**Student:** 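Please see the structure below; I have some questions.
This is a predicted model, so every value here is computed, not measured. Throughout, protein chains are lettered first and strands after them, A, B, ... in sequence-line order, and every chain is numbered starting at 1.
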Amino acid sequence: MDRYNFKISETKWQQEWEKRGSFEVTENSMRPKFFVLEMFPYPSGRIHMGHVRCYTIGDVVARYKRASGFNVLHPMGWDAFGLPAENAAFENNVHPAKWTRENISAMREQLKSMGLSYDWRRELSTCEPEYYRHEQKMFLDFLEAGLAYKRESWVNWDPVEQTVLANEQVIDGCGWRSGAPVVRRLLSQWFLKITEYADDLLESLSELDRWPDQVRLMQANWINRSEGATVNFALSGREDTLEVFTTRPDTLFGASFCAIAPNHPLALALSEDDPALAQFIDHCNRLGTSEAAIETVEKEGYLTSLTAQHPFSEDWELPVYVANFVLMEYGTGGIFGCPAHDQRDLDFARKYDLKVVPVVAPNGKETFEITDEAFVGDGKIINSKFLNGLDVDAGKQRAIEELERLGSGSSKISYRLRDWGVSRQRYWGCPVPIIHCSACGTVPVPEVDLPVTLPEDVDFIQSGNPLDRHPTWKFVKCPKCGEPAERETDTFDTFFESSWYFVQFGAQDQARRFSRSEADYWLPVDQYIGGIEHAILHLLYSRFFSRALTDCGYLNVKEPFAGLLTQGMVCHETYRDPTEVTGGWMFPEEVLRQSDGEFINRNSGAPVIAGRSEKMSKSKRNVVDPESIIRTYGADTARLFMLSDSPAARDLEWTDAGIEGAWRYTNRLWRMVAEPSDPIAPFRTAAPSKFDNHSKELLRKIHRTISDVSADFDAFRFNRAVARIRELTNALASFTGGGDDRAWTRRFGFEISAQLVAPVMPHLAEELWSILGHKTLLTDTPWPRADECFLSEETVTLAIQVNGKLRDTIELPVDVDSVIAEERALALESVARALDSATPRKVIVVPNKVINVVF
RNA sequence: GCCCGCUUGGCGGAAUUGGUAGACGCAAGGGACUUAAAAUCCCUUGUCCGAAAGGACGUCCGAGUUCGAGUCUCGGAGCGGGCACCA
């Protein structure tokens, strides 16, 4: 019994597609366009299973759409700037540029071995000046349009390494290398005005009907538009006021304190004469800048000497705290606390023994006490003078009216979304095209001087940004006055590159920027595919960029991604050597599963502990190398397994048994066509005039499969599509006999099988197509269409229930009269037994589905 | 801490709008072929009671809506993603 030789076949068809330029596209086509894009990879060194999964999904969509008559753009590129290259430079003394470019070459070869239908002519790499020069121009345009500005903002600072740390590099409040406690530090940095588009970014979410609801909801919550009010508290004995933002002005009569952020100007001013406060602020600043760190830390406050005057009551004074949970970045950097109706305020009040006065009672309750849970629901306002008796919404409105009348506040819409800080104090990124002149200030690099190229003659011996230490690079003449000046040594956040790369794929020639007509033709991306972990930042930044680029005349599209598919992670069981106290993680290939289900070390025979399945990661060593899988089983089998077991959106568990099963199927399908045990009609035989019942039944199955698989691909239900194709294979395998009608039907079934499986296993499908006698490529063959007249059934099986429990099934003609159906059901012996001589009270007949006899 | 998900046999999963729970695959057990093994093919397989017919139970847990709930509502548990300088 022969086996499918995937090595020969896969190489052959990959070469054939390349020779013919099968996947090269232009915008000059009579076919409608379809832009399929997978999130481009960071070139970390080698592809991992997550890449294989994502790019397999994208390739199925691209090939399916291509066969379905679309002019498909399906490109690939490299998100090539970023921190890991600098870490590699630091650890292995290899230049980030060399490391990155070598990784790209290696990964490109790996991707090519998967047989992905990319137009490789459009490949781009974000670390090359031909790419990033365009974003330097974009930045200058943003500056001109008022969409970029500079201000001070906080970073994590490692006092030992004397360098800025990414949040990822802060572990338990300490620098990852030095172990020294991290402090916050203010730096002057560039920001992009994403908040200018906050409303539009929020409202347009409703138009993104081919995005997962989950992602739209996450984005909406991230932007978080909230209607409320600003309230100005007069400060006793001072001229200035304390401005706070609140979404609950209706609860003002329940206020028991005010709190400001540790870095609020008022707090900083007070700390000059208050060493204890200065110490408290210092203590707060020892926390990293991440929201998770701030929100999970124990709530602490420092009571200042300030007192705030309640706007609605002459002699009501509130204490003012500096509190570690108040964010300077949100609202005004100050709050008023109403413990009865906000859980965090309640916790704070309990800790510092502040009053808790309920001012909203749940509907139907006259009196109301708060114990350890704040009441945040709707109700009637109490204890609040002129607000009493109103509901929450009316109370908000009335309170704002009163604030406005008193001149101590007004209604205000606030967003949680903050402007995007794009400055990074790092080497391996796109240089910010700005020159600092002592006379002229901040001067943009003139367009003719672009690109500002990243110098490659740098060293990584010291920590910090090597651009700062470069002997010549930053010293330039001021473009305005000609006097000596200095380049900005910050680079852009790498999200900058990934916010517009999809547009650049439209350019036929990657040596130049995309043209307006190319962008107009290809955008938006019709189907975008990537990990759920990018649900907020990358997607939101890209949506902002499209708007900003549209406003600057580059494009005319607000929403860059019309369809979005977020795929789950690839997971694997973890293994540990029990003799190791910490770590001891083992690679799957070091472990052997015995017949009793226990695991042992493949070499030593020592026992191994198997842990639960987790996302494949280098640190836990629960990784399987795609290259070795492709070498052992071929790309098609790897692709099949990636799609067959789990829905795309869910996590996928890698198992050896699973890939083995996929490999068996690959061979089974190949053998069925290449070494058929029953006759096949010759190539291009006309259909016989008559079919026997078996052939008719199989024809129905074939057409039903075409219909189902097409619907499954349309809805990205790849696992179900694979199951349907396997069912067809099973039906073909048990279809024997050799008359003309059967031989013809068998050929038809084989051809359809090859066509349906082609998006998933393109090499095998091409091989089968060729074996079946075709001289043209399956890749250039239109998607099959199901013949409607084979899809309708004459009878249907109905479930017969008694009191909702299944008792029987009956076969009835489709759309049979309800009265007849009911009679047939009641006549059943099984129904009579279940009724046990009781009289049916009513009978519910759902046509073609179920009959429920209720007694 | 906050936001968003997920949870169905021994395992991955299937189940159009609420209408026959377990498609398809994996694993396991039995059989055929073989000197033998591998490969391949056939059969069985949610749990429990029963010789069988048949019956009871069963979709993370607890309530609810409904003739009928894996699916809808409320409450809870466990696991995962994100939290603005990882990408």
Side-chain angles (χ1 to χ4, degrees), chain A residues 1 3 39 41-42 44 79 81-84 87 155-156 164-170 194 212-215 217-222 224 289-297 299 325 329 343-344 347 416-426 493-495 498 531-538 540-541 566 568-569 571 597 612 614-615 644-647 649-653 655 657-658 660-662 664-665 667-668 671 711 715 717 719-720 722-727 730 733 797-801 803-809 830 833 841-844 846 848-854:
Chain A
M1 194 178 298
R3 285 206 179 186
M39 290 180 186
Y42 178 79
S44 54
D79 188 14
F81 276 138
L83 214 44
N87 293 338
V155 293
N156 300 310
V164 176
L165 295 178
N167 282 336
E168 188 191 51
Q169 299 169 320
V170 179
I194 189 170
D213 289 343
Q214 170 198 7
V215 174
L217 194 54
M218 280 194 271
Q219 292 220 351
N221 289 338
W222 184 263
N224 190 26
T289 57
S290 81
E291 192 179 306
I294 294 164
E295 290 283 336
T296 49
V297 81
K299 310 291 175 275
F325 60 87
E329 314 265 350
Q343 191 59 46
R344 198 169 53 181
D347 296 342
R416 200 185 79 102
L417 180 70
R418 306 196 298 257
D419 277 338
W420 173 15
V422 292
S423 295
R424 296 292 180 270
Q425 297 69 45
R426 307 194 192 289
D493 179 4
T494 58
F495 275 124
S498 57
I532 183 72
E533 66 272 19
H534 295 287
I536 296 175
L537 290 178
H538 163 59
L540 195 60
Y541 290 148
T566 51
M569 300 175 302
C571 301
R612 69 153 194 272
E614 295 181 49
K615 177 186 179 174
S644 55
D645 264 10
S646 298
R650 273 219 231 163
D651 288 352
L652 176 144
E653 168 136 6
T655 59
E660 283 286 346
R664 273 200 296 274
Y665 177 73
N667 276 294
R668 188 168 176 233
R671 207 177 299 122
R717 293 181 300 230
N719 55 327
R720 224 172 68 153
V722 169
R724 298 282 172 266
I725 296 170
R726 291 183 92 131
E727 279 184 66
N730 292 343
T797 308
L798 275 84
I800 309 303
Q801 301 177 335
N803 278 358
K805 285 196 178 189
L806 183 75
R807 293 299 170 187
D808 213 336
T809 59
S830 54
R833 187 170 53 227
R841 198 152 48 82
K842 64 174 167 176
V843 179
I844 289 150
V846 183
N848 302 323
K849 290 253 166 83
V850 71
I851 296 168
N852 190 8
V853 180
V854 185

**Student:** Which nucleotide wins on minimum distance to the side chain of A/Arg807, given the candidates B/A56, B/A23, B/C85?
**Tutor:** B/A56
**Student:** Rounded to the nearest Å, what distance is computed from the CD atom of residue A/Glu653 to the P atom of nucleotide B/C79?
**Tutor:** 17 Å
**Student:** Thinking salt bridges, do A/Arg416 and A/Glu291 make one under a 4.0 Å N-O criterion?
**Tutor:** yes
**Student:** If pairing requires Watson-Crick or G-U wobble contacts with both distances under 3.5 Å, which nucleotide is the partner of B/C6?
**Tutor:** B/G78
**Student:** Scan A/Thr797 against the nucleic acid and name what it touches under 4.0 Å (heavy atoms): base, sugar-phosphate only, or nothing.
**Tutor:** base
**Student:** For the side chain of A/Pro84, starting at C-beta, report the closest nucleotide among B/U20, B/A87, B/A84.
**Tutor:** B/A87
**Student:** Side chain of A/Leu417 only, please: which of B/G55, B/A84, B/C4 is the nearest?
**Tutor:** B/A84
**Student:** Side chain of A/Asn852 only, please: which of B/A87, B/G5, B/G19 is the nearest?
**Tutor:** B/G19
**Student:** Taking only the side-chain nitrogens and oxygens of A/Arg668, find out if one of them lies under 4.0 Å from OP1 or OP2 of B/C41.
**Tutor:** yes
**Student:** Any side-chain heavy-atom pair from A/Gln169 and A/Leu83 closer than 4.5 angstrom?
**Tutor:** yes
**Student:** How is A/Gly82 classified with respect to the nucleic acid when contacts are heavy atoms under 4.0 Å: base, sugar-phosphate, or nothing?
**Tutor:** sugar-phosphate
**Student:** Side chain of A/Arg833: nearest nucleotide among B/C24, B/C4, B/G54?
**Tutor:** B/G54
**Student:** Which part of the nucleic acid does A/Phe495 contact within heavy-atom distance under 4.0 Å: base, sugar-phosphate only, or nothing?
**Tutor:** base
**Student:** Rounded to the nearest 0.5 Å, what separation is found between the CG atom of A/Asp213 and the CE atom of A/Met218?
**Tutor:** 11.0 Å
**Student:** Of the options B/G1, B/C67, B/G19, whose atoms approach the side-chain atoms of A/Gln801 most closely?
**Tutor:** B/G19
**Student:** Scan A/Ser646 against the nucleic acid and name what it touches under 4.0 Å (heavy atoms): base, sugar-phosphate only, or nothing.
**Tutor:** sugar-phosphate
**Student:** Please classify the nucleic acid contact of A/Val854 as base, sugar-phosphate, or nothing, using heavy-atom distances under 4.0 Å.
**Tutor:** sugar-phosphate
**Student:** Once you apply a heavy-atom cut-off of 4.0 Å, does A/Arg726 come out as touching a base, just sugar-phosphate, or nothing?
**Tutor:** sugar-phosphate
**Student:** Can you measure from CD (A/Gln801) to CD1 (A/Ile844) and round to the nearest 0.5 angstrom?
**Tutor:** 9.0 Å
**Student:** Does OP1 or OP2 of B/G25 have a side-chain N or O of A/Arg720 closer than 4.0 Å?
**Tutor:** no
**Student:** How many whole angstroms separate atom CD of A/Glu329 from atom P of B/A84?
**Tutor:** 11 Å
**Student:** Please report, rounded to the nearest Å, how far the C1' atom of B/C24 is from the CG atom of A/Asn719.
**Tutor:** 9 Å
**Student:** Relative to the 5' end of RNA chain B, which residue comes earlier, A/Ala657 or A/Val850, by the nucleotide with the nearest heavy atom?
**Tutor:** A/Val850
**Student:** Is B/G9 in the syn or the anti form, by the rule that syn lies within 90° of 0?
**Tutor:** syn
**Student:** By the 4.0 Å heavy-atom rule, please label A/Asp651 as base, sugar-phosphate, or nothing.
**Tutor:** sugar-phosphate
**Student:** Side chain to side chain contact (heavy atoms under 4.5 Å, CB included) between A/Phe325 and A/Val297: does it pass, once the steps are laid out?
**Tutor:** CA-CA 8 Å; A/Phe325 60 87; A/Val297 81; over 6 Å; no
**Student:** Could you check which of B/C85, B/G82, B/C67 has an atom nearest any side-chain atom of A/Ala166?
**Tutor:** B/C85
**Student:** Categorize A/Met569 for me: base, sugar-phosphate, or nothing, with a 4.0 angstrom heavy-atom threshold over every strand shown.
**Tutor:** sugar-phosphate
**Student:** Whole-Å distance between B/U16 C1' and A/Arg724 CZ?
**Tutor:** 11 Å
**Student:** According to a strict under-4.0 Å criterion, is A/Arg650 in side-chain N/O contact with OP1 or OP2 of B/A14?
**Tutor:** yes
**Student:** Across the strands shown, which category fits A/Ile844 at heavy-atom distances under 4.0 angstrom: base, sugar-phosphate, nothing?
**Tutor:** base
**Student:** Base, sugar-phosphate, or nothing for A/Val155, non-hydrogen atoms under 4.0 angstrom?
**Tutor:** base
**Student:** Hey, does A/Thr494 reach any base, or is it just sugar-phosphate, or nothing, if we go heavy atoms under 4.0 Å?
**Tutor:** sugar-phosphate
**Student:** Counting only side-chain N and O atoms of A/Asn730, is one of them less than 4.0 Å from OP1 or OP2 of B/G25?
**Tutor:** yes
**Student:** What about A/Asn221, does its side chain sit under 3.5 Å from the base of B/C3 through a donor-acceptor pair?
**Tutor:** no
**Student:** What integer distance in Å separates A/Asp347:CG from B/G1:P?
**Tutor:** 11 Å
**Student:** Across all strands, who's sitting opposite B/C11 as a Watson-Crick or G-U wobble pair, both distances under 3.5 Å?
**Tutor:** B/G25
**Student:** Check the distance between B/A84's P and A/Asn167's CG and give it to me in whole angstrom.
**Tutor:** 5 Å
**Student:** Quick one: is A/Arg664 getting a side-chain N or O under 4.0 Å of the B/C26 phosphate, OP1 or OP2?
**Tutor:** yes
**Student:** Is it the case that the side chains of A/Arg668 and A/Asn730 hold a donor-acceptor pair, with the cut-off being a distance below 3.5 Å and no angle test?
**Tutor:** yes
**Student:** Tell me the partner of B/U34, counting only Watson-Crick (N1-N3 plus N6-O4 or O6-N4) or G-U wobble (N1-O2 and O6-N3) with both under 3.5 Å; none if nothing fits.
**Tutor:** none
**Student:** If only side-chain N and O atoms count, and only distance matters, is there a donor-acceptor pair under 3.5 Å linking A/Asn167 with A/Thr289?
**Tutor:** yes
**Student:** Could you tell me how far apart A/Leu217 (CG) and B/G82 (P) are, to the nearest whole angstrom?
**Tutor:** 17 Å
**Student:** Among B/G1, B/G19, B/G13, which is the nearest nucleotide to the side chain of A/Pro647?
**Tutor:** B/G13
**Student:** How is A/Val164 classified with respect to the nucleic acid when contacts are heavy atoms under 4.0 Å: base, sugar-phosphate, or nothing?
**Tutor:** base
**Student:** Where does the angle between the aromatic ring planes of A/Trp420 and A/Phe495 fall among parallel (under 30°), tilted (30 to 60°) and perpendicular (over 60°)?
**Tutor:** perpendicular
**Student:** On RNA chain B, check which nucleotide each of A/Asp213 and A/Asp493 is closest to and give me the residue with the more 5' one.
**Tutor:** A/Asp213
**Student:** With a non-hydrogen cut-off below 4.0 angstrom, is A/Arg424 in contact with a base, only sugar-phosphate, or nothing?
**Tutor:** base
**Student:** Which nucleotide wins on minimum distance to the side chain of A/Glu727, given the candidates B/G1, B/C86, B/A23?
**Tutor:** B/A23
**Student:** In whole angstrom, give the distance that lies between atom CE of A/Met39 and atom C1' of B/G82.
**Tutor:** 13 Å
**Student:** Mark yes or no for a side-chain to base donor-acceptor pair under 3.5 Å between A/Lys805 and B/U20, with no hydrogen or angle criteria applied.
**Tutor:** no
**Student:** How many angstroms lie between CD in A/Glu533 and CE in A/Met569, if you round to the nearest 0.5 Å?
**Tutor:** 8.0 Å
**Student:** Strictly by Watson-Crick or wobble contacts shorter than 3.5 Å, is anything paired with B/C67, and which nucleotide is it?
**Tutor:** B/G19
**Student:** May I ask you to verify whether the side chain of A/Gln425 and the base of B/C85 hold a donor-acceptor pair under 3.5 Å?
**Tutor:** yes
**Student:** Within the structure shown, what part of the strands sits under 4.0 Å from A/Ser423 by heavy-atom distance: base, sugar-phosphate, or nothing?
**Tutor:** base
**Student:** Now, which nucleotide makes the Watson-Crick or G-U wobble pair with B/C86, with each of the two distances under 3.5 Å?
**Tutor:** none
